[in-house]
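These notes are about the structure you will find just below.
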Protein chains: 2
Amino acid sequence: MNQNKQQSTLEDNPVLGPLGPDIHDALLADAVQLSVPSGATLFRQGEEARFLRVVLSGRIALMARSEEDAETVVEFFHAGDLFIIPAVVLHLPYLMSARAVEDSQVLMIQAERFRSLMEQEHALSLAIANELSRHWRMLIRQIKDLKLRSAPQRLAAYLLSLAPDDAGQPASIELPEKRRMIARRLGMAPENLSRAFRQLSEYGVRSNGRQVQLTDIPSLQAFCAYDDLV
Amino acid sequence: MNQNKQQSTLEDNPVLGPLGPDIHDALLADAVQLSVPSGATLFRQGEEARFLRVVLSGRIALMARSEEDAETVVEFFHAGDLFIIPAVVLHLPYLMSARAVEDSQVLMIQAERFRSLMEQEHALSLAIANELSRHWRMLIRQIKDLKLRSAPQRLAAYLLSLAPDDAGQPASIELPEKRRMIARRLGMAPENLSRAFRQLSEYGVRSNGRQVQLTDIPSLQAFCAYDDLV
DNA sequence: GGGCAACCTTGACATGAGTCAACTTCGGAG
DNA sequence: CTCCGAAGTTGACTCATGTCAAGGTTGCCC
């Protein structure tokens with residue numbers, strides 16, 4: 001845990017970057033940059049939100065637990081993402097825990113400072129409203145996924161979301177997470193993810209470790225009802 | 001559909017009310033107030049977002065459809081709520097359709113005007129960031145619900161959310177929607193909602209039409225894992 | 001007040017998905 | 001290179017939930 005005030009930390013952030021060096025300096029005044037090893041927990045469900053987090057590198061999973069037994073991944077966040085904004089904005093406890101799924105660098109901005117800066121800086125509150133709007137739509141898609149699609153359809157939609165937008169061209173992609181984590185994000189047991197992959201071989205999905213080939217995008221899209229409009 | 005510029009429309013709105021009459025006037029300049037009969041559709045998934053909507057009275061359901069067959073309720077919105085803010089803010093098509101579930105009054109604010117007003121008025125962008133934060137947490141709760149709880153547990157949690165916060169006192173509540181709609185909101189078939197109600201009779205739930213008595217709140221809380229921290 | 005049409009409920013059944021246990025594969029450490 | 005543990009796969013089974021069909025209830029409109 002070491003102080004780090006270099007502007008470059010936020011300059012290329014897609015949300016905060018465009019706000020300019022003055023706001024960066026203010027945000028970083030007493031911010032802390034933290035190295036988080038894979039598997040480490042950043043905070044737990046129920047704790048008070050004392051920091052806004054920005055992923056500088058690596059990947060963070062937001063996990064929800066149901067009293068000891070079951071655990072699920074609500075969403076992954078990657079380099080450039082701000083996460084748990086709502087708990088910070090509303091001054092409320094976290095609804096989820098956060099865990100690094102690979103070695104990560106996380107910037108922690110004091111919640112109190114962030115809130116007062118939002119009060120002062122119009123541009124910052126606009127950027128946050130935009131970011132929250134994007135998050136909102138991510139969550140809506142997940143809810144639609146869970147309520148309207150079967151497990152294999154959810155996997156198909158997930159694979160399509162990883163593929164480039166090449167209008168139906170065959171694609172070769174690499175799974176960004178361990179299969180167990182992907183299963184939890186998609187709301188199924190790891191065993192069922194296996195079976196879903198096997199079922200999708202019928203639609204041109206070939207997988208070998210983390211490498212996955214999608215040889216027939218149109219049939220995959222048809223299978224999972226891909227009207228989902230990004 | 002008739003022009004309506006009286007300030008009183010927004011004065012008592014929990015989100016926009018505190019912003020003051022100047023902003024109200026600006027928002028209402030070319031806004032339209034619409035009477036929507038129960039069952040009518042306000043807009044459909046995929047359409048461009050041309051208006052921000054405010055529920056003045058009644059209730060609106062956001063519905064998602066999966067090619068003709070299945071349909072689900074993502075969320076209900078009530079008097080005072082702003083909805084589909086993200087589509088307006090990001091200038092993107094709706095991810096869902098909206099339908100009135102009872103006779104409603106809806107205020108429609110031009111999307112373009114709303115966006116430019118957010119650029120001008122710091123207080124408005126702050127209010128929107130706050131509202132989006134609340135929505136975000138609503139959606140997170142729903143995702144946790146769907147991924148971690150069984151159908152009867154989801155019903156139990158829903159009933160508890162309708163009860164006053166009287167620390168375990170027996171409560172008498174009224175279901176705000178038709179059972180079919182509640183079932184879709186909770187992610188189950190109407191038939192399963194019936195069975196879930198019967199199962200909850202073991203935990204002190206007595207229902208008669210829309211009237212529901214919760215006679216044993218603590219056991220209900222235990223049943224549905226009520227660590228959910230509001 | 002009668003009748004019709006939603007809506008809700010109930011039972012029987014089909015099926016998707018979770019669980020458990022065994023086996024296989026992969027990757028890292030020595 | 002080999003070993004070991006974690007991760008992934010597979011099959012058998014169970015259970016929850018959806019589906020279909022029938023019957024019952026409610027409430028509204030004439």
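Chain identifiers are assigned alphabetically (A, B, ...) following the order of the sequence lines, protein sequences preceding nucleic acid strands; residue numbering begins at 1 within each chain. The analysis underlying the following values was restricted to heavy atoms, covering all of them including side chains, and did not include hydrogens, waters or symmetry mates.
- Positionally, the nearest nucleotide of DNA chain C for A189(A) lies more toward the 5' end than for the other of A189(A) and N208(A).
- Rounding to whole angstrom units, CZ of residue R179(A) and P of dT24(C) are separated by 19 Å.
- Rounded to an integer number of Å, the gap from R149(B) CZ to dA16(D) P is 17 Å.
- For the pair N192(B) CG and dT19(D) C1', the interatomic distance rounds to 10 Å; values are reported in whole Å.
- Q142(A) places a side-chain N or O within 3.5 Å of a backbone atom of V74(A) that can act as its donor or acceptor partner.
- Rounded to whole Å, atom C1' of dA17(C) lies 13 Å from atom CG of L193(A).
- Judged by distance alone, the side chain of S57(B) and the main-chain N or O of A79(B) form no donor-acceptor pair under 3.5 Å.
- Comparing dT9(D), dT9(C), dT17(D) against the side chain of S194(A) picks out dT9(D) as the nearest.
- Taking 3.5 Å as the limit, the base of dG11(D) and the side chain of R195(A) contain a donor-acceptor pair of atoms between them.
- Atoms CG (L146(B)) and P (dG16(C)) sit 20 Å apart, rounded to a whole Å.
- L28(A) has its side chain within reach of L107(A): a pair of non-hydrogen atoms, C-beta onward, lies under 4.5 Å apart.
- Straight-line distance from the CG atom of L175(B) to the P atom of dC7(C): 16 Å, rounded to whole Å.
- Put simply, the side chain of E191(B) and the base of dC8(C) share no donor and acceptor less than 3.5 Å apart.
- No donor-acceptor pair under 3.5 Å is formed between the side chain of R134(A) and the backbone N or O of L90(B).
- In the set dC20(D), dG8(D), dG18(C), dG18(C) carries the atom at the smallest distance from any side-chain atom of M188(A).
- Counting non-hydrogen atoms of neighbouring residues, nucleotides and ligands closer than 6.0 angstrom, the CZ atom of R50(A) reaches no more than 12 such neighbours.
- Here the C1' atom of nucleotide dT17(D) and the CD atom of Q153(B) are 14 Å apart, to the nearest Å.
- Checking the phosphate oxygens (OP1, OP2) of dT26(D), no side-chain nitrogen or oxygen of R210(B) falls inside 4.0 Å.
- A straight line from CG of L186(A) to C1' of dG8(D) spans 16 Å, rounded to a whole angstrom.
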